[in-house]
Amino acid sequence: MSKFQIPTTQKVAVVPKAGGTIEIKNDWPVKQQKDLAPGECLVKIEASGCCHTDLHAALGDWPVQAMTPLIGGHEGKLKRWDYRRHRQQHNNSPVKLGERVGIKWLADSCLNCEDCRKGREQNCSQPSSVVSPLMELSRNMSSRLSTMSPPFPKASPVTPPRPSSGVTVYRAIKNSRTEQGDWIVIPGAYARARGLRVIAIDTGDHKAKLCKELGAEAWIDFKTSKDIVADVKKATGGPGAHSAVVTAASSGGYTQALDYLRPGATLMAVGLPGTATLNASIFFTVFKSISICGSYVGNRQDAREALELAARGQVKVHFVTKDLKELKATYDGLTAGTVAGRVVFDLTK
């Protein structure tokens with residue numbers, strides 16, 4: 001790797017306070033090598049995806065409030081390690097200087113509590129070991145713990161799946177208690193990669209085209225459908241889907257899923273409506289043996305598995321590249337539900 005001079009300042013998109021206007025600043029300080037804590041590494045961010053979580057944190061519409069000023073962008077990828085200072089942990093680093101890595105939702109987990117031992121690092125009980133979304137996240141230069149930034153497989157494509165939302169959906173599908181050939185309601189490619197039959201529910205011709213390109217066998221437009229439950233059951237031949245991975249930011253999608261799932265099915269709750277509640281019929285949830293499971297991001301192993309699928313060409317990311325100055329317009333598009341695929345900000349410019 002060629003010698004790299006660590007800058008002292010960088011460009012960032014910052015929200016000064018919850019609900020505030022996004023500001024682009026060019027003089028934000030860069031953490032220097034001498035200031036890195038044990039186990040931290042400095043990475044140069046070349047691109048970052050735009051996640052709904054960034055939007056929620058900026059709006060301040062979750063029960064857990066963001067710490068401001070907030071710099072969003074926890075879906076950093078195509079990074080290159082530019083300098084590192086491991087001190088006591090340098091021999092245990094899974095990545096080498098110059099390797100491409102991704103930035104995930106978690107900065108660290110203790111690996112010693114019950115949740116960590118059972119593979120739920122995202123629910124780590126040690127608050128000092130988890131970086132809230134709501135604290136500092138990715139920038140043009142960012143310091144991360146070396147053990148939590150997954151290295152990209154050498155065969156990975158130019159734009160791998162996003163280390164936050166991609167891994168989140170992958171884990172939800174992985175834990176959906178489905179088998180090859182089962183029907184699952186979700187827009188996305190991971191389900192197809194695991195041999196599932198996909199029903200996509202969304203709205204708009206551009207999203208219909210994308211979902212079909214991703215392998216959905218059935219498409220239902222929730223704005224034009226007269227009966228979504230009946231449409232799902234018709235697509236599956238009558239009994240309904242074996243699982244639904246719901247990422248909606250409102251409660252309606254969850255309640256409706258309980259009606260179109262077949263007996264013994266699993267509802268995977270992934271979206272995070274701030275104040276909404278899940279209203280389920282206790283009688284029919286029991287009568288149909290429906291399982292309702294919350295699924296919150298993914299652990300180290302989930303991240304590696306998701307990236308390996310992309311490296312083998314089984315998952316293709318559909319994205320558009322934008323300049324950081326277009327962030328506000330992108331947030332507006334996410335709010336309106338008009339963004340199809342993924343938006344990636346090029347931070348090399």
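What's counted below: heavy atoms across the whole structure, side chains too, no hydrogens, waters or symmetry copies. Not measured: the values here are computed from a predicted model. For reference, positions follow the sequence shown, starting with 1.
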Output yes when a side-chain donor or acceptor of [X] lies under 3.5 Å from a complementary backbone atom of [Y], and no otherwise.
{"X": "His242", "Y": "Trp183", "value": "yes"}
{"X": "Glu326", "Y": "Phe345", "value": "no"}
{"X": "Arg197", "Y": "Asp182", "value": "no"}

>> Show, in sequence, the C-alpha distance, side-chain angles and deciding distance for Asp202 and Asp221, and conclude whether the side chain to side chain contact (heavy atoms under 4.5 Å, CB included) test is met.
In response: CA-CA 5 Å; Asp202 212 319; Asp221 190 312; over 6 Å; no

Under a 4.0 Å N-O cut-off, is there an ion pair linking [X] with [Y]?
{"X": "Arg194", "Y": "Glu179", "result": "no"}
{"X": "Lys209", "Y": "Glu213", "result": "yes"}
{"X": "Lys328", "Y": "Asp332", "result": "yes"}
{"X": "Lys212", "Y": "Glu217", "result": "no"}
{"X": "Lys322", "Y": "Asp346", "result": "no"}

> Does atom CG of Asp205 have more than 12 heavy-atom neighbours from other groups under 6.0 Å away?
Replying inline: no

> In terms of heavy-atom contacts, does CZ of Phe222 have more than 12 from other residues, nucleotides or ligands at under 6.0 Å?
Replying inline: yes

To the nearest 0.5 Å, what is the distance between [atom1] ([X]) and [atom2] ([Y])?
{"X": "Thr330", "Y": "Lys325", "atom1": "OG1", "atom2": "NZ", "result": "12.5 Å"}
{"X": "Cys211", "Y": "His206", "atom1": "SG", "atom2": "NE2", "result": "10.0 Å"}
{"X": "Leu210", "Y": "Leu214", "atom1": "CG", "atom2": "CG", "result": "4.5 Å"}
{"X": "Ile22", "Y": "Leu327", "atom1": "CD1", "atom2": "CG", "result": "4.0 Å"}
{"X": "Leu196", "Y": "Thr178", "atom1": "CG", "atom2": "OG1", "result": "4.0 Å"}
{"X": "Ser295", "Y": "Arg120", "atom1": "OG", "atom2": "CZ", "result": "11.5 Å"}

Do the side chains of [Y] and [X] get nearer than 4.5 Å, heavy atoms only?
{"X": "Pro29", "Y": "Thr8", "result": "no"}
{"X": "Val198", "Y": "Ile184", "result": "yes"}
{"X": "Cys124", "Y": "Cys113", "result": "yes"}
{"X": "Gln122", "Y": "Asn299", "result": "yes"}
{"X": "Val246", "Y": "Leu267", "result": "yes"}
{"X": "Tyr296", "Y": "Asn123", "result": "yes"}

Exercise: identify the closest heavy-atom pair between [X] and [Y]:
{"X": "Tyr254", "Y": "Ala248", "result": "OH-O, 3.4 Å"}
{"X": "Lys233", "Y": "Asp259", "result": "CE-O, 3.6 Å"}
{"X": "Ile173", "Y": "Ala191", "result": "CD1-N, 3.6 Å"}
{"X": "Leu261", "Y": "Ala244", "result": "CD2-N, 3.8 Å"}
{"X": "Pro7", "Y": "Val30", "result": "O-CB, 3.3 Å"}
{"X": "Leu111", "Y": "Arg117", "result": "O-CG, 4.1 Å"}

> Can you tell which of Ile220, Val229, Ile199, Thr236 makes a side chain to side chain contact (heavy atoms under 4.5 Å, CB included) with Tyr260?
Replying inline: Val229

>> Pair Arg171, Glu305 - check salt bridge (Lys or Arg N to Asp or Glu O under 4.0 Å), show working.
In response: CA-CA 9 Å; Arg171 180 181 175 88; Glu305 290 174 6; over 6 Å; no

Please tell me whether [X] and [Y] have a donor and an acceptor in their side chains that are separated by less than 3.5 angstrom.
{"X": "Asn279", "Y": "Thr255", "value": "no"}
{"X": "Ser109", "Y": "Arg300", "value": "yes"}
{"X": "Arg177", "Y": "Ser243", "value": "no"}

> Given the rule in the side chain to side chain contact (heavy atoms under 4.5 Å, CB included) test, do Leu278 and Ile292 qualify, once you have shown the distances and angles that lead to the verdict?
Replying inline: CA-CA 10 Å; Leu278 199 164; Ile292 302 175; 4.2 Å; yes

>> I'd like to know whether Lys118 forms a salt bridge (Lys or Arg N to Asp or Glu O under 4.0 Å) with Glu114, so could you lay out the CA-CA distance, the side-chain angles of the two residues, the decisive distance to 0.1 Å, and finally the verdict.
In response: CA-CA 6 Å; Lys118 292 185 175 181; Glu114 179 181 353; 3.0 Å; yes

>> Does Ser125 form a side chain to side chain donor-acceptor pair (under 3.5 Å) with Asp115? I'd like the steps, not just the answer.
In response: CA-CA 7 Å; Ser125 62; Asp115 286 309; 5.4 Å; no

>> Could you go through Lys11 and Leu324, starting from their C-alpha distance and side-chain angles, then the distance that decides it, and tell me whether this counts as side chain to side chain contact (heavy atoms under 4.5 Å, CB included)?
In response: CA-CA 9 Å; Lys11 178 193 288 187; Leu324 192 59; 3.8 Å; yes

>> Would you call the rings of Phe287 and Phe284 parallel, tilted or perpendicular, taking 30° and 60° as the class edges?
In response: perpendicular

>> Please evaluate residues Ile201 and Val232 with respect to the criterion side chain to side chain contact (heavy atoms under 4.5 Å, CB included), reporting the C-alpha separation (whole Å), side-chain torsions for both, the decisive distance (0.1 Å), and the verdict.
In response: CA-CA 9 Å; Ile201 301 177; Val232 171; 4.0 Å; yes

